[in-house]
Amino acid sequence: MVKSKELLLIRYISFVILVIEMFVKEGNYSVLSIVFILLFIINNHLRIFHINRERMFYLSIVIELAAVCIGKLTFGCSIIFYLIGISIDIFTVKNSVLKYLFAGTVLILGINPVFNKNVEERIVTSVLLIIFFILLNFISRLYSTKLKAQSLYDKLKVSDEKLIEVNKELEGYIESIEEFTLLKERNRISREIHDSVGHTLSTAMIQLSAMEAILDKENNPIKDMVKNLRIFINESFQDVKKAVKELKSDEYENYSGVLRLQDVCKNFERMSGVEVKVIVSKGDWNLSTKQVGHLYRITQEVLSNSLKHGKATQVKVIMNFTLEEFIMSFNDNGEGTDKIVESGIGLKSIKERIDELDGIVEMKSSRKNGFFIKVIVPKELEV
């Protein structure tokens, strides 16, 4: 409020008029008058632009009230021009008692016979100050409303940004679920076809081969029909194998390890009631059996700790493949801690397993802000 362009203009106009009255009207050209007016203006500016602490702000107002009395008695000039700057600042005081105490002091100075011997001048000064106070009070309320509106807008903006971020995460979550569900379903169908249709055709070929051998010994003319049928079934069997291979995407092999880790999260969610959000990025390489085994146990340990120690109700698990690394992070909304004790069996076990994989583990936490752990596992070199 005090830095409002309009109020600053009013303040500077009052200073200009005060200077003109002091040097032109009153004829005060002494060094003392120049020093006084400079100190008066400097105190005003310090209060506007540099003083942030409340006590210093109040001290500056008290000093200026005393300076008004000294200036009026020593150099003359209209007292109202001394009081305009301080009146503006008074209505920025948050403490209501002090605000009205300072306002009352300013009003008393304005109508005091010591400073205004003329009755008409006292009446005019008091009326102008009261009108000015009413306007300042109104401006102060408008400014307060503006600040509240701005604060609400900022909160809504932050909420909107968080909503957009959550929406993106949800889209990624849904996309990963759909992709893995599709891969698992295609793998299940290919397995069913291989186990049922493939087994049936394979059995039929074996039977037909046996029949063909028997008919060949008996020189039965039907043997050619049996042979042709066996060849036809064999070709059909090869087609089925080809279809099964195409149906079972190579991507499934790249995700088979991750799917095991995802199953751990689903099982934990189902058994504990803790919401576990899993987001997985695409990768073009698969985790080794050893890596999956260690990460499987690490996932169990982290999820268990989130519930047991952190009392978490939600855990976000992100699995991300890069060209050379697999990064897995866990972030819960539990109680958190200001001191992570890595000597505990659980965390020590996690570090030992990551060390065996030549990986890196990072842990962060603070009270009331949950627990975050990230593990980085390098891609194993193909032999």
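Predicted model, so just to flag it, every value in this text is computed and none were measured.
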Identified side chain to side chain donor-acceptor pair (under 3.5 Å) partner of Glu356 from the options Gln291, His294, Lys290:
His294
Could you state the interatomic distance from OG1 (Thr313) to CG (Asp332), rounded to the nearest 0.5 Å?
9.0 Å
Within the structure provided, determine whether Val264 and Asn267 are in side-chain contact (heavy-atom separation under 4.5 Å).
no
Side-chain contact test, heavy atoms from C-beta onward, threshold under 4.5 Å: evaluate it for Thr74 versus Phe36 and give yes or no.
no
For Gln300, does its backbone N or O pair with a side-chain atom of Ser304 as donor and acceptor, under 3.5 Å?
no
Should Leu259 and Gln262 be marked as a side chain to side chain contact (heavy atoms under 4.5 Å, CB included) after you check the CA-CA gap, both sets of side-chain angles, and the distance that decides it?
CA-CA 5 Å; Leu259 289 172; Gln262 189 183 46; 3.6 Å; yes
Between Phe372 and Val361, is there shared hydrophobic-cluster membership here, with clusters defined by ILVMFWY side-chain heavy atoms closer than 4.5 Å?
no
When you group the ILVMFWY residues by side-chain heavy-atom contacts below 4.5 Å and let the links chain together, are Val106 and Ile10 in the same group?
yes
Would you give the length of the straight line joining atom CD1 of Ile61 to atom CG of Leu65, rounded to the nearest 0.5 angstrom?
7.5 Å
Which atom of Val317 lies closest to which atom of Met328, heavy atoms considered
CG1-CE, 3.9 Å
Donor-acceptor contact present, side-chain Thr105 to main-chain Leu101, <3.5 Å
yes
Straight-line distance of Thr337 OG1 to Asn369 CG, nearest 0.5 Å:
11.5 Å
With a 4.0 Å cut-off, would you call Glu64 and Arg47 a salt bridge?
yes
So, for Ala67 and Phe40, which heavy atoms are closest and what is the spacing to 0.1 Å?
CB-CD1, 4.2 Å
Distance, nearest 0.5 Å, that separates CG of Leu73 from CZ of Phe75:
10.5 Å
Flag yes if Val302 and Ile376 sit in one hydrophobic cluster, no otherwise; membership is Ile, Leu, Val, Met, Phe, Trp, Tyr, and two members link when side-chain heavy atoms are under 4.5 Å apart.
no
May I ask you to decide if Ser33's main-chain N or O and Ser30's side chain share a donor-acceptor pair within less than 3.5 Å?
yes
Look at the side chain of Asn331 and the backbone N and O of Lys316, then say whether any donor-acceptor pair between them is shorter than 3.5 Å.
no
Shared hydrophobic cluster for Phe15 and Ile84 (ILVMFWY, side-chain gaps under 4.5 Å)
yes
Could you pull out the closest heavy-atom pair between Ile37 and Ile34, with the gap in Å?
CG2-O, 3.2 Å
Are any non-hydrogen side-chain atoms of Lys99 and Ile90 less than 4.5 angstrom apart?
yes
Which heavy-atom pair separates Thr299 from Leu261 by the least distance, and what is that distance?
OG1-CD2, 4.1 Å
How many angstroms lie between CG in Leu357 and CG in Leu287, if you round to the nearest 0.5 Å?
9.5 Å
Step by step, work out the side chain to side chain contact (heavy atoms under 4.5 Å, CB included) result for Ile298 and Ile354.
CA-CA 9 Å; Ile298 288 171; Ile354 292 299; 3.4 Å; yes
Side-chain heavy atoms under 4.5 angstrom apart, residues restricted to Ile, Leu, Val, Met, Phe, Trp, Tyr: same cluster for Ile42 and Tyr82?
yes
Output, in order, the C-alpha distance, side-chain angles, deciding distance and verdict of side chain to side chain contact (heavy atoms under 4.5 Å, CB included) for Val35 and Leu38.
CA-CA 5 Å; Val35 171; Leu38 286 175; 5.8 Å; no
When you measure from the side chain of Glu269 to the backbone of Val276, do you find a donor-acceptor pair of N or O atoms at a distance under 3.5 Å?
yes
Would you indicate whether the side-chain heavy atoms of Asn44 and Asp89 approach each other to under 4.5 Å?
yes
Is Leu295 close to Val375 at the side-chain level, that is, under 4.5 Å between some pair of heavy atoms?
yes
How close do Phe371 and Ser365 get, counting heavy atoms only, and between which atoms?
CD1-CB, 3.5 Å
Close side-chain approach of Arg11 to Leu8, heavy-atom, < 4.5 Å:
yes
Which pair of heavy atoms, one from Gly359 and one from Pro378, lies closest together, and at what distance?
CA-CD, 3.9 Å
To the closest 0.5 Å, what do you measure between CG (Asn43) and CG (Leu39)?
8.5 Å
